[in-house]
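These numbers come from a predicted model, not from an experiment. Below, read A as the first sequence line, B as the second, and so on, with proteins coming before strands; counting in each chain starts at 1. Just so it is clear, the values below take in all heavy atoms, side chains as well, and ignore hydrogens, waters and symmetry mates.
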Protein chains: 4
Amino acid sequence: MSLNKVILIGNVGKDPDVRYFDSGTAVANFPLATSERGYTLANGTVVPERTEWHNIVVRRDQVAFVEKWVKKGSGVYVEGKIRTRSYDDQSGVKRYVTEIHADRIEFYNTGTRPADGTTTNAGTGFQQGGQAQQTTSYQQPAQPDISSESNSADDLPF
Amino acid sequence: MSLNKVILIGNVGKDPDVRYFDSGTAVANFPLATSERGYTLANGTVVPERTEWHNIVVRRDQVAFVEKWVKKGSGVYVEGKIRTRSYDDQSGVKRYVTEIHADRIEFYNTGTRPADGTTTNAGTGFQQGGQAQQTTSYQQPAQPDISSESNSADDLPF
Amino acid sequence: MSLNKVILIGNVGKDPDVRYFDSGTAVANFPLATSERGYTLANGTVVPERTEWHNIVVRRDQVAFVEKWVKKGSGVYVEGKIRTRSYDDQSGVKRYVTEIHADRIEFYNTGTRPADGTTTNAGTGFQQGGQAQQTTSYQQPAQPDISSESNSADDLPF
Amino acid sequence: MSLNKVILIGNVGKDPDVRYFDSGTAVANFPLATSERGYTLANGTVVPERTEWHNIVVRRDQVAFVEKWVKKGSGVYVEGKIRTRSYDDQSGVKRYVTEIHADRIEFYNTGTRPADGTTTNAGTGFQQGGQAQQTTSYQQPAQPDISSESNSADDLPF
DNA sequence: TTTT
DNA sequence: TTTT
């Protein structure tokens with residue numbers, strides 16, 4: 001009787017690190033920031049804004065999606081589970097790192113635009129990035145991204 | 001062994017309807033919209049954008065917060081549970097309405113501003129609406145809404 | 001900017017109703033009960049146990065899994081979204097019904113056993129029913145279900 | 001625009017460690033185990049059962065509830081957020097530990113019974129542990145744990 | 001260190 | 001209409 005569920009919405013801290021293995025498997029990693037607003041208590045105590053960094057780990061079908069679309073600054077929704085793994089550091093001391101293994105990743109509409117000036121998330125709600133990739137292939141969207149560089153049909157993740 | 005958990009992020013459809021009862025309890029209701037982006041399948045089928053309307057019900061301590069701060073257009077985060085209740089309509093037919101009973105409501109940073117031109121959600125992440133109530137104090141609203149107009153049957157948005 | 005997420009753990013009220021369409025698609029429906037324990041307030045008020053019934057709708061790959069394994073009484077974990085649809089009743093009056101469209105269904109370990117006396121959920125945590133179906137096919141489990149009726153390899157959902 | 005949400009159901013690994021501070025605040029810590037069932041892939045690969053340990057941190061009103069009711073072996077539902085903090089170890093090396101700061105803790109019905117033979121969770125669904133605190137009153141624990149032993153550096157479970 |  |  002067990003449940004291990006994490007839901008995060010935040011911003012990607014740097015371009016994902018993608019590694020391919022001989023076995024054919026692939027893994028993508030990236031840091032994701034979530035922030036809580038600061039506030040001031042009635043007694044005057046100031047609780048400052050706090051940013052939390054999460055290590056996101058992506059496997060299987062989602063890796064290609066992440067490699068192609070997720071960039072530093074992207075606003076993403078991540079669902080997954082917590083996993084803590086241990087390793088021995090240079091001194092032979094056991095150390096631990098906690099990661100979020102993503103089961104689902106979707107773009108979140110932040111209204112922000114990538115470096116090239118195009119708007120990637122013009123619509124409302126989630127772009128069905130992660131899910132769409134697994135179950136269907138999409139044609140040209142009704143309101144296409146008019147960036148000429150990325151306007152070929154198979155370039156679109158949704 | 002049971003769990004009934006709902007997490008919504010969306011926009012408020014109209015100003016909350018707040019009712020105070022002789023017992024001293026209060027209830028606030030408002031419709032909340034969540035939207036899924038439309039998309040086009042490979043076979044050409046267009047799946048249009050879809051907006052879902054949720055009936056949010058707020059009780060206890062959160063009511064004053066809702067009455068004061070939640071407005072038509074507000075972007076809010078709602079956590080709660082699903083409840084379906086029945087009532088007899090004018091024809092004596094049993095009808096059902098499903099509502100989301102909120103355990104927690106927070107403002108979501110949409111960057112939008114209310115009608116008076118002030119910015120309510122300038123920061124990042126959640127405004128600690130629900131939680132703040134426990135740690136800071138809100139003014140009692142001057143004028144509870146007990147307007148008879150808003151109490152008619154067709155006031156129900158569903 | 002939108003999220004519509006439901007997480008339920010409960011018991012199936014009756015065997016799923018599965019319908020196949022000419023288009024090749026299929027849909028399964030079943031009622032799921034979640035229960036809140038009753039309790040007594042400090043002032044003596046008794047708040048009785050309350051059972052909530054949810055209409056679960058399953059599509060695509062999960063349908064076959066549901067048809068084969070989900071039965072009246074099953075303890076299941078359901079993740080999905082809320083959807084309210086309308087229809088005109090016999091009198092031509094528009095009526096609404098709220099359903100939970102499942103994105104993920106898993107067995108939950110209740111320790112209960114089906115009518116035939118076999119134990120279907122012997123282990124801890126989730127049986128990876130829904131997910132496994134989509135991504136891998138499993139061999140004989142390490143601790144096989146020893147019900148002779150259901151012991152053929154392709155009978156196993158995990 | 002941010003969300004940091006964790007939902008866990010699992011078993012408590014040892015009796016909570018509760019510390020009271022001069023400021024009047026209190027903190028409780030305990031390890032929580034969540035388990036995924038093992039399984040065997042079609043290619044024969046055995047994926048063993050995996051247990052994940054989470055460091056749960058409880059503050060404020062929930063501490064007294066935890067001290068009184070949560071014990072080694074308890075089945076609990078925890079909602080909260082992920083927080084990673086750093087500290088310098090004996091060698092002056094910066095180390096990190098990830099914790100789950102609980103916003104809500106409830107008993108989960110495991111059907112298990114404590115050492116004294118009484119059944120604490122006889123009903124279905126959650127015991128309204130966290131919530132009950134708001135609506136009913138708990139006894140003040142007779143003997144707050146202020147043992148100096150439990151305050152040493154290697155008291156850290158990670 | 002838990003649980004099934 | 002389920003479950004404890």
Send over the distance from C/Leu32 CG to F/dT1 P, rounded to a whole Å. 17 Å

C/Thr51 side chain, from C-beta outward: closest of E/dT3, E/dT1, F/dT2: F/dT2

Atom CG of D/Asp15 to atom C1' of E/dT2: distance rounded to whole Å? 12 Å

C/Arg37 and D/Glu106 ion-paired at < 4.0 Å: no

Out of E/dT3, F/dT1, F/dT3, which has the shortest distance to the side chain of D/Ser35? E/dT3

note: C/Tyr77, atom OH; F/dT3, atom C1'; distance rounded to Å ~ 19 Å

Considering only side-chain heavy atoms of C/Lys14, which listed nucleotide, E/dT1, F/dT1, F/dT3, is closest? F/dT1

Salt bridge (Lys or Arg N to Asp or Glu O under 4.0 Å) involving B/Glu79 - partner list, sequence neighbours excluded: B/Lys5, D/Lys5

C/Trp53 side-chain proximity, nearest of F/dT3, E/dT2, F/dT1: F/dT1

Let me know the distance between CD1 of C/Ile9 and P of F/dT2, rounded to the nearest Å. 20 Å

Could you tell me the separation between the CD atom of D/Glu52 and the C1' atom of E/dT2, rounded to a whole number of Å? 13 Å

Taking CD from C/Glu49 and P from F/dT1, how many angstroms apart are they, rounded to a whole number? 16 Å

I need the OH-P distance between D/Tyr108 and E/dT2, as an integer number of Å. 22 Å

Sequence neighbours left out, what passes side chain to side chain contact (heavy atoms under 4.5 Å, CB included) with C/Lys71? Give chain and number order. C/Asp15, C/Ser74

Output the distance between atom CD1 (C/Ile7) and atom OG1 (C/Thr34), rounded to the nearest 0.5 Å. 13.0 Å

Separation of E/dT3 atom C1' from D/Lys72 atom NZ, nearest Å, is 12 Å

